[in-house]
S.K.: 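Let me begin by handing over the structure; questions about it come next.
Note on naming: letters A, B, ... go to the chains in the order of the sequence lines (proteins, then strands), and numbering restarts at 1 for each one.
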2 protein chains.
Amino acid sequence: MVQDQTNKLARADKSELRRQRIIEAAATLFILKGFHQTGMRDIAGQAGISLGNLYNHFKGKHEIIAAIAEMETAEMEPLLDLLETPGAKGRDVLIPFAKAYFRTCSLPENAALSAEIIAEIFRNPETGRAFSGTRKRLVTALEPHLPETFSNRAAAAGLVLDLIERAGQSAAGTSDRAHKDIETALLEMLMRTIEPV
Amino acid sequence: MVQDQTNKLARADKSELRRQRIIEAAATLFILKGFHQTGMRDIAGQAGISLGNLYNHFKGKHEIIAAIAEMETAEMEPLLDLLETPGAKGRDVLIPFAKAYFRTCSLPENAALSAEIIAEIFRNPETGRAFSGTRKRLVTALEPHLPETFSNRAAAAGLVLDLIERAGQSAAGTSDRAHKDIETALLEMLMRTIEPV
DNA sequence: AACTAACGTACGAACGTTCGTTTTTTATTG
DNA sequence: CAATAAAAAACGAACGTTCGTACGTTAGTT
């Protein structure tokens, strides 16, 4: 009579798990081929399910993209925490953040995906908007750690983020040596940026 | 008996002109919608010719993209000249270059196109390669103007270019005020980067 | 019995490309 | 100069695929 809560949860979990697998499959393909070169059939195939069933889990392609945006946002949370560490200020928080953010951005998956997203923002601001929420939070969190000598710290914070992101993209997929060189140059550049002249 | 050279040239010019119009039409649409969202019919329509005729001028879509890459390369020439001005060194050449390059990168057309290209490099290195020639030349030309304190000036030069490019992308399409703020922050950041600490 | 997940199929639209044909321009004759 | 053959440019229809999406049905769980 009493419903089996264990199994009920197990079922819901199972569904959630499959949903997650679909998202991962989609992400893999989006990274590899881009949003618009990836078809629903590709996603279904990669996830190991049928095309019809894919539509049982997602209303459409846009919903899958939105889910990936959400995932991306969640992954950024630890980095935001890093910036918002109470007490710590300036270089002591900025350099560790830069290292961590660079590491994230230079992961081939993230680099390719973020390139895809930036392009998407230009051609389709609506879809792009889903991704740009995190960005604003990063700028806000980063801003107070920059020197006051900047005439517009918010703009400078945006640039610092841009720099780290692009550095990561450039470093993605290169040899360990080149990767390290870029990271070193990035940190040297940031040190100069932070240092009051 | 003797061929009419005048008319012959006129004809060749006319054909070249039409070719150019097609490229411009394609560029407009690529910027607006991206490479893969732009169809051959769209391009033909925008250029004011028929679909069939489009294939009389280009073997296929890839050839149009290649032509645009070539155009892009040509547009970069003046900036390279700026960096290679004999005699001038360091800040005296870097700041003017940064201003000019930023201006170029923040033109909405260029910003969108370069975002598209970067994404394309990740998903299709082959096509992307057509675009990356200029980049190397810029790095080489920029490198000697950076301070020797960088442990790897080539890497640093790459970063400086990345920074300017992304700054331009961020500034593209924003208000004049925001645009100026970003440029100012960029220049401040570059001054700090160039200045020996 | 009710619900859900899974499936395969079907649809109309759009894709890049090819094709045969017509129109326009150029070159070569009479 | 007029007539005509040759070439180039332009066209629209059609090719086979693939696209995102919708639908009806079957199998399995509660």
S.K.: Over how many whole Å does the gap from Asp42(A) atom CG to dG20(D) atom C1' extend?
M.R.: 12 Å

S.K.: Between P on dC7(C) and CG on Leu51(A), what's the gap in Å once rounded to a whole number?
M.R.: 11 Å

S.K.: Could you check which of dA6(C), dT21(D), dA14(D) has an atom nearest any side-chain atom of His57(A)?
M.R.: dA6(C)

S.K.: Does a salt bridge link Lys180(B) with Asp176(B), judged by any charged N lying under 4.0 Å from a carboxylate O?
M.R.: no

S.K.: Under the criterion side chain to side chain contact (heavy atoms under 4.5 Å, CB included), which of Glu116(A), Gln169(A), Lys33(A) is the partner of Phe122(B)?
M.R.: Gln169(A)

S.K.: For Phe102(A) together with His179(A), are the ring centres under 6.0 Å from each other?
M.R.: yes

S.K.: Does Ser15(B) make a side-chain N or O approach to OP1 or OP2 of dA8(D) shorter than 4.0 Å?
M.R.: no

S.K.: Please determine if a side-chain N or O atom of Arg41(B) lies less than 4.0 Å away from the OP1 or OP2 oxygen of dT17(C).
M.R.: no

S.K.: Measure from CG on Asn53(A) to P on dC23(D) and round the result to the nearest Å.
M.R.: 17 Å

S.K.: Tell me if the side-chain of Asn56(A) makes a donor-acceptor pair with the base of dA5(C), cut-off 3.5 Å, by modelled atom types.
M.R.: no

S.K.: Whole angstrom is fine here: how far is it from CZ in Arg19(A) over to P in dA5(C)?
M.R.: 12 Å

S.K.: What is the nucleic acid contact for Gly39(A), judged by heavy atoms within less than 4.0 Å: base, sugar-phosphate only, or nothing?
M.R.: sugar-phosphate

S.K.: Between Ile43(A) (CD1) and dT18(D) (C1'), how many Å, whole number?
M.R.: 14 Å

S.K.: Would you kindly give the CG-to-P distance between Leu29(A) and dT18(D), to the nearest whole Å?
M.R.: 16 Å

S.K.: Between dA14(C) atom C1' and His36(B) atom NE2, what is the distance in whole Å?
M.R.: 16 Å

S.K.: Do any N or O atoms from the side chain of Lys61(A) and from the backbone of Gly39(A) form a donor-acceptor pair under 3.5 angstrom?
M.R.: no

S.K.: Counting N and O atoms only, with roles assigned by atom type, does the side chain of Arg123(A) sit under 3.5 Å from a partner on the main chain of Phe35(B), one being a donor and the other an acceptor?
M.R.: no

S.K.: Taking only the side-chain heavy atoms of Ser50(B) (C-beta and beyond), determine which of dT17(C), dC11(D), dA6(C) contains the nearest atom.
M.R.: dC11(D)

S.K.: For Ile49(B) and Gly60(A), find the nucleotide of DNA chain D closest to each by heavy atoms; which residue's nucleotide sits nearer the 5' end?
M.R.: Ile49(B)

S.K.: Nearest to the side chain of Met40(A), which nucleotide is it out of dA5(C), dT17(C), dG20(D)?
M.R.: dG20(D)

S.K.: May I have the distance from Phe35(B) (atom CZ) to dG16(C) (atom P), rounded to whole angstrom?
M.R.: 13 Å

